[in-house]
Amino acid sequence: MESLLASTSLRASSFPAAAAAAARSPVPSRVATLATTRARPLCCGPKDTIEALARDEMLNAVELVQWENGKSVNDIAASQGIRIRRHCRPNSSMKAIEEEMGEPRNILEKIIWDKEIEVAEGHAKKPLKEVIESAGKAPPTRDFYGSLKAAYRRNGVPALIAEVKKASPSRGVLRENFNPVEIAQAYEKNGAACLSILTDEKYFQGSFENLQKVRNAGVKCPLLCKEFVVDKWQIYYARSMGADAILLIAAVLTDLDITYFLRICKELGLTALIEVHDEREMERVLNINGVQLIGINNRSLETFVVDTSNTKTLLDKHGDIIREKGILVVGESGLFNPDDVAYVQNAGVSAVLVGESLVKQEDPGRAIAGLFGKELSQ
Ligand SMILES: O=C(O)c1ccccc1NCC(=O)[C@H](O)[C@H](O)COP(=O)(O)O
């Protein structure tokens, strides 16, 4: 493949802000050679991302240089501490991919590799242009962020994002008799501020149809599409199926991906919940403009280890800057009782995302009062 920047003539010199930044950049000699560099082929790359961000001068000079020099997506990701690799071969068989790259190193990487193939199939069935049109015709979004803020103020305990979750890779099937609409309605009736609907089929037995069904059943709580986003197609698709918010996982997405996806979310009126698990991811995300909502996952998606002290550790270190920026924090995973909720509330979260401990109960709606030690008002 020819270099993206070479083929689209997106060079620092074409973009005044990038060129100015280049002048200040610590790598002036490399920048100076931009116009003449014959770039190596890219392994793959979010072509549209680079084009759109370069057009709007949102790329800095260093990023441009990286692309111009043919750094692959995986090189750029690794330079940001991202351990999850992309295979970037969505039309190949998994066998061929594994022959080249070895087996996925952990469950998250496995999910992402399957997702790359699944998204390419989605594109083939419903091209991006069509999905964008459908997203444009969807009923307006409801305010996910505002709903969390209001519920926290109203109840004095973290606002609840209740998860409609049938199964998970770490726990297997959580609920045999699974009716997503009934569960969603029970959550809403019992004070959930927002709902999270898992849409991954292979690992969570969820679906985009579940999201659509819940939306069409008249549930008023804003809905988070809980998906493993690797491509903008999924964001438009989620909106077209009724999502009000979408999850973006920092362990998977580069800073550039997050920046670009945030821009798409803004255009669509979607709230983005940016999920972090460790120090490095938190630092990266706090340096990205436009972040409103950060989820701290207590579960490592690579090892499945759940540790609620993760929320406290990250907030002890970054709480001040988070409050200064007006960012809301969601404590995610492994919350089972009022003590767990109080612990993450004291650490500084304004909301919690809870699946297993609710969905496993016979009456998931009634389980909410058990989780908080009191009834929540709607
Ligand atoms: O839940 C898993 O096993 C899992 C595995 C790999 C990637 C993601 C996974 N879960 C997503 C979540 O983070 C949770 O569904 C969510 O935070 C709720 O957690 P819980 O209350 O512990 O069900």
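Atoms within a ligand are numbered from 1 in the order they appear, just like the ligands themselves. Start at 1 with the first residue, then count along the sequence.
Taking the six-membered ring for Trp and thresholds of 30 and 60 degrees, Trp113 and His87 have ring planes more than 60 degrees apart, a perpendicular arrangement.
Protein heavy atom closest to atom 9 (C) of ligand 1, with residue, atom name and distance, is Phe204 CZ, 3.5 Å. In this structure, atom 7 (C) of ligand 1 lies nearest to the protein heavy atom Leu301 CD2, 3.5 Å. Atom 17 (O) of ligand 1 has its closest protein heavy atom at Ser333 OG, 2.7 Å. Atom 13 (O) of ligand 1 has its closest protein heavy atom at Asn297 ND2, 2.8 Å. When hydrogens are left out, the protein atom nearest atom 18 (C) of ligand 1 is Glu163 OE2, 3.5 Å; that is the closest non-hydrogen contact. For atom 5 (C) of ligand 1, the nearest protein heavy atom (residue, atom name, distance) is Phe304 CE2, 3.5 Å. Nearest protein heavy-atom neighbour of atom 21 (O) of ligand 1: Gly355 N, 2.8 Å. Protein heavy atom closest to atom 3 (O) of ligand 1, with residue, atom name and distance, is Ser170 OG, 2.5 Å.
Panel note: side chain Glu109, backbone Arg105; a donor-acceptor pair is recorded below 3.5 Å.
Residue pairs meeting the salt bridge (Lys or Arg N to Asp or Glu O under 4.0 Å) criterion with at least one partner in residues 168-184, sequence neighbours excluded, are Arg171-Glu356.
At least one heavy atom of Gly334 sits under 4.0 Å from some atom of ligand 1. At a 4.0 Å cut-off, not a single heavy atom of Ile107 sits close enough to ligand 1 to count as contact.
Between Phe144 and the options Leu270, Ile161, Ile246, Leu223, a side-chain contact (heavy atoms from CB on, under 4.5 Å) holds for only Ile161. Among the candidates Lys226, Lys115, Lys166, Lys165, the single residue satisfying the salt bridge (charged side-chain N to carboxylate O under 4.0 Å, His left out) test with Asp200 is Lys115.
Arg284 and Glu279 are not joined by a salt bridge, as no carboxylate oxygen comes within less than 4.0 angstrom of a charged side-chain nitrogen.
For atom 12 (C) of ligand 1, the choice among Glu332, His277, Lys226 with the nearest heavy atom turns out to be Lys226. Selection from Arg171, Glu302, Lys110, Lys165 by nearest heavy atom to atom 1 (O) of ligand 1 gives Lys165.
Residues that satisfy the side chain to side chain contact (heavy atoms under 4.5 Å, CB included) test with Glu103, not counting sequence neighbours, are Glu98.
With a 4.0 Å heavy-atom cut-off, ligand 1 is reached by no atom of Glu275.
With 3.5 Å as the limit, one finds no donor-acceptor pair spanning the side chains of Asn310 and Thr313.
Among all heavy-atom pairs drawn from Pro169 and Ile111, the shortest one is CG-CD1, 4.4 Å.
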